Amino acid sequence: MGQNEGKKKITVYDTTLRDGAQGEGIHFSTQDKLSYVKRIEEMGSLYVEAGWPGANPRDDNFFQLLREQRLQSTRIAAFGSTCKVNESPENSDVLLKLLASGAQTITIFGKAWDLHVSDVLRTNLEENLRLIRESVSFLAQQGREVFFDAEHFFDGFKENPAYALRCISAALEAGAAIAILCDTNGGCLPGDIARGVEAVRHEFAPRELGIHVHNDSGLAVANSLVAVEAGVTQIQGTWNGFGERCGNANLSTLIPLLQIKGNYSVVSDSALLKITPFSRFVAELSNAPFDEKQPYVGRSAFAHKAGMHVDAILKNQRTFEHMDPAEVGNERRILISDQAGKANILERLRRFVPDILKEDPRVEKAMIEIKDLENNGFQFEAAEGSLDLLFVRILNGFTSPFEVLDYHVWSDPLRGELDSVAVVKVKVGEATVQIASEGNGPVNALDTALRQALASFFPILEQSELVDYKVRVLDGSRGTEAIVRVIIDTRLGHEVWGTIGVSKNILKASAQALLDAINWTIWKFEGSRK
């Protein structure tokens, strides 16, 4: 029997491609959207709001391409508005383009706050009800599943509850399959949400009811949870909480929260295991930084640093973890820092030698070396690649499979975009290779030259890439003579790891971090299997 059997079913309406794309710095190309739709099939039967037909050529092209896709479980929805004031649905360009999109599910929004009717639409309350009623009826009569977004419902309900409820009534009586209650400004408190949902359920007793919440008060997930507990059956949101202003309800948090903590069936058990990698995929696709402190899916969600905490969790994971990270495709991380004890280091070493004991002298050796390095400016919390490289050297005597004989880097601002050149000379076994490479900066030039020199010996290097570069001055009082710490993040597939270098010379620190990144890539993906 599956874990979801017997639980109340909650459907997911994913508006990342439309609402999420309205977030600052978020952009999806047509190809990005196609990749998204193909990948989300793995998450099971979800509604995906694909965009607003007619709003721009990109959305029109996307809906055209979607007709060629053979989607098994994903249900595509088109988004738009009601017809305009004093306009009939049959003559509405918006509604006709929604029908022409081919989407079998159409979501339209209408005003549920009398303030918007008077100040934005500049019409009377009865005309607004006509817009809702006739627009929904027109689309439903064309055989489409119609969802009605009651925009600003909760603000409207607080100021004029009778009219807000009349808006819901107009949509349901006209044939809307679901009315979605929206906290569009994102300023409502959980009590406001509960009262609004309970009023709709008491007045209409709808079989299906949705919630759409923005995060302007930091309560989007909490408000969605309260709505579900009050009887809502559909949650709307975006992955990673992307969206305008402060974003929308975060599906990456809300789905596991409801399914693991609550008595609800949201996605399949197999889909739940893919929550973490899918959240990272969405961030990569949008070229947005991934928030590593996100609940459930962030790298910090199950990261433990304090020695006493680690000691306790190794004895019983419930002491400092509210759930098993594997349930959402995440993993526990034991951080190493100046606050770490032997338990932290021992647990990390057991990734390489599962049966190593606390009394093993290599544990003490690792602890001494880490403390000494941190005393000299190293920090391993964000440089786990360098840390693990140190461990494999201590455990099995790892040595680099190549030797850097020499390197030179220089920059010339008159060269244009590729303003730097690096020349490296490396030795692998009996072979010596010398390469010169250009780059848009000295670090990029050095990274490119090293990879070109070594790629023929270690092909895996062609698949990895440098994705982040951070520099921190450790002692600002010494000016340009200060010691600097360089952290480099490298990615291969969906796996990312950091490496570190420390020196008074920023290029030496960068080279050290780059060499650790290359060595770790070779050991992890080639050397460890030999």
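These numbers were taken from a predicted model, which means no experiment stands behind them. By convention here, the first residue in the shown sequence is residue 1.
For the pair Q259 (side chain) and V266 (backbone), a donor-acceptor distance under 3.5 Å is present. Side chain of D324 to main chain of E327: no donor-acceptor pair is present (N/O by atom type, distance under 3.5 Å, no hydrogens or angles). Between the S217 side chain and the L219 main chain, no donor and acceptor come within less than 3.5 Å of each other. In terms of modelled atom types and a separation under 3.5 Å, the side chain of D59 and the main chain of P53 share no donor-acceptor contact. The closest donor-acceptor contact from the side chain of D155 to the backbone of W113 lies at 3.5 Å or more, if one exists at all. Remark: the backbone N or O of A77 is not paired with any side-chain donor or acceptor of T105 at under 3.5 angstrom. With hydrogens and angles ignored, the 3.5 Å screen pairs a side-chain donor or acceptor of S268 with a backbone N or O of A271. For N444 (side chain) and N440 (main-chain N/O), a donor-acceptor pair under 3.5 Å exists by modelled atom type. Remark: side-chain polar atoms of R485 are paired, donor with acceptor, to backbone N or O of G377 under 3.5 angstrom. T30 places no side-chain N or O within 3.5 Å of a backbone atom of F62 that could act as its donor or acceptor partner.
Rounded to the nearest 0.5 angstrom, T11 OG1 and Y13 OH are separated by 11.0 Å. Taking CZ of F380 as the start and OG1 of T499 as the end, the distance is 11.0 Å to the nearest 0.5 Å. The CZ atom of R166 sits 11.5 Å away from atom CG of D114, with the distance rounded to the nearest 0.5 Å. Interatomic distance, CZ of F79 versus CG of L17, reported as 13.5 Å (0.5 Å rounding). How far OG of S88 is from CD of E134: 8.0 Å, rounded to the nearest 0.5 Å. Going from atom CZ of F148 over to atom CZ of R133 covers 11.5 Å, rounded to the nearest 0.5 Å.
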I'd like to know whether R491 forms a side-chain contact (heavy atoms from CB on, under 4.5 Å) with E284, so could you lay out the CA-CA distance, the side-chain angles of the two residues, the decisive distance to 0.1 Å, and finally the verdict. CA-CA 11 Å; R491 178 171 61 203; E284 290 173 14; 3.8 Å; yes
Could you go step by step and tell me if W52 and V94 meet the side-chain contact (heavy atoms from CB on, under 4.5 Å) rule? CA-CA 9 Å; W52 186 324; V94 170; 4.2 Å; yes
Stepwise side-chain contact (heavy atoms from CB on, under 4.5 Å) test for I260 and V328: CA-CA 9 Å; I260 295 173; V328 289; 3.9 Å; yes
May I have the step-by-step check of salt bridge (charged side-chain N to carboxylate O under 4.0 Å, His left out) for R130 and E127, ending in yes or no? CA-CA 5 Å; R130 182 194 72 82; E127 171 65 3; 2.8 Å; yes
Are K84 and D93 close enough, and set up right, to give a salt bridge (charged side-chain N to carboxylate O under 4.0 Å, His left out), and what steps lead you there? CA-CA 9 Å; K84 297 177 182 178; D93 187 56; over 6 Å; no
Stepwise salt bridge (charged side-chain N to carboxylate O under 4.0 Å, His left out) test for K470 and D489: CA-CA 9 Å; K470 296 181 281 286; D489 285 345; 3.5 Å; yes
For salt bridge (charged side-chain N to carboxylate O under 4.0 Å, His left out), just list the numbers for K38 and E41, CA-CA rounded to whole Å, side-chain angles, deciding distance to a tenth of an Å, and then say yes or no. CA-CA 6 Å; K38 291 175 181 177; E41 281 270 88; over 6 Å; no
Quick one: do Y47 and T107 satisfy side-chain hydrogen bond (donor to acceptor under 3.5 Å, both in side chains)? Show the steps, please. CA-CA 11 Å; Y47 284 97; T107 300; over 6 Å; no
Show, in sequence, the C-alpha distance, side-chain angles and deciding distance for V443 and V486, and conclude whether the side-chain contact (heavy atoms from CB on, under 4.5 Å) test is met. CA-CA 11 Å; V443 177; V486 170; over 6 Å; no
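Considering every non-hydrogen atom in both A50 and L66, the closest pair reads CB-CD1, 3.8 Å. Annotation for K111 and C167: closest pair O-SG, 3.4 Å, computed over non-hydrogen atoms. Shortest non-hydrogen contact noted between W497 and G385 is CD1-CA, 4.1 Å. Residues S135 and P89 approach most closely at N-CG, 4.2 Å, considering heavy atoms. When all heavy atoms are compared, the tightest approach of A177 to F147 is CB-CE2, 4.1 Å. Taking every heavy atom of both residues into account, V136 and G175 meet most closely at CG1-C, 3.9 Å.
You'll find the side chain of L46 stays beyond 4.5 Å of the side chain of T74, heavy atoms only. The shortest side-chain heavy-atom distance between I255 and W239 falls under the 4.5 Å cut-off. Taking 4.5 Å as the limit, some side-chain heavy atom of T123 sits within range of a side-chain heavy atom of V117. Side chains of D32 and S286 form no contact here, defined as non-hydrogen atoms less than 4.5 Å apart. Between I211 and I193 the shortest side-chain heavy-atom distance falls below 4.5 Å. K8 has its side chain out of reach of N263: every pair of non-hydrogen atoms, C-beta onward, lies at least 4.5 Å apart. Two residues are said to be in side-chain contact when any heavy atoms from C-beta on lie closer than 4.5 Å; F278 and M43 meet this criterion. In this structure the side chain of L125 never reaches within 4.5 angstrom of the side chain of N128, judged on heavy atoms.
No more than 12 heavy atoms of other residues, nucleotides or ligands shown are found within 6.0 angstrom of CZ on R472. With a 6.0 Å radius and a threshold of 12 heavy atoms from other residues, nucleotides or ligands, R67 has its CZ atom above the threshold. By the neighbour-count criterion of 12 heavy atoms within 6.0 Å, atom CD of E24 is sparsely surrounded, having that number or fewer from other residues, nucleotides or ligands.
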Side chains of residues 288-300: which donor-acceptor partners sit under 3.5 Å, not counting sequence neighbours?
{"from": "D291", "atom 1": "OD1", "to": "K293", "atom 2": "N", "distance (Å)": "3.0"}
{"from": "E292", "atom 1": "OE1", "to": "R280", "atom 2": "NH2", "distance (Å)": "2.9"}
{"from": "E292", "atom 1": "OE1", "to": "R299", "atom 2": "N", "distance (Å)": "2.9"}
{"from": "E292", "atom 1": "OE2", "to": "R280", "atom 2": "NH1", "distance (Å)": "3.3"}
{"from": "Q294", "atom 1": "OE1", "to": "N250", "atom 2": "ND2", "distance (Å)": "2.7"}
{"from": "Q294", "atom 1": "NE2", "to": "N240", "atom 2": "OD1", "distance (Å)": "2.9"}
{"from": "R299", "atom 1": "NH2", "to": "E384", "atom 2": "OE1", "distance (Å)": "2.4"}

Donor-acceptor contacts, no H, no angles, side chain residues 223-234, under 3.5 Å, sequence neighbours left out:
{"from": "N223", "atom 1": "ND2", "to": "C188", "atom 2": "O", "distance (Å)": "3.0"}
{"from": "S224", "atom 1": "OG", "to": "A220", "atom 2": "O", "distance (Å)": "2.8"}
{"from": "T233", "atom 1": "OG1", "to": "E208", "atom 2": "OE1", "distance (Å)": "2.6"}
{"from": "T233", "atom 1": "OG1", "to": "L209", "atom 2": "N", "distance (Å)": "3.0"}
{"from": "T233", "atom 1": "OG1", "to": "L209", "atom 2": "O", "distance (Å)": "3.3"}
{"from": "Q234", "atom 1": "OE1", "to": "Q236", "atom 2": "NE2", "distance (Å)": "3.0"}

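Partners of F154 by ring-ring contact (aromatic ring centres under 6.0 Å, His included), not counting sequence neighbours: none found.
Side-chain contact annotation: Y36 with T16, donor-acceptor N/O pair under 3.5 Å present.
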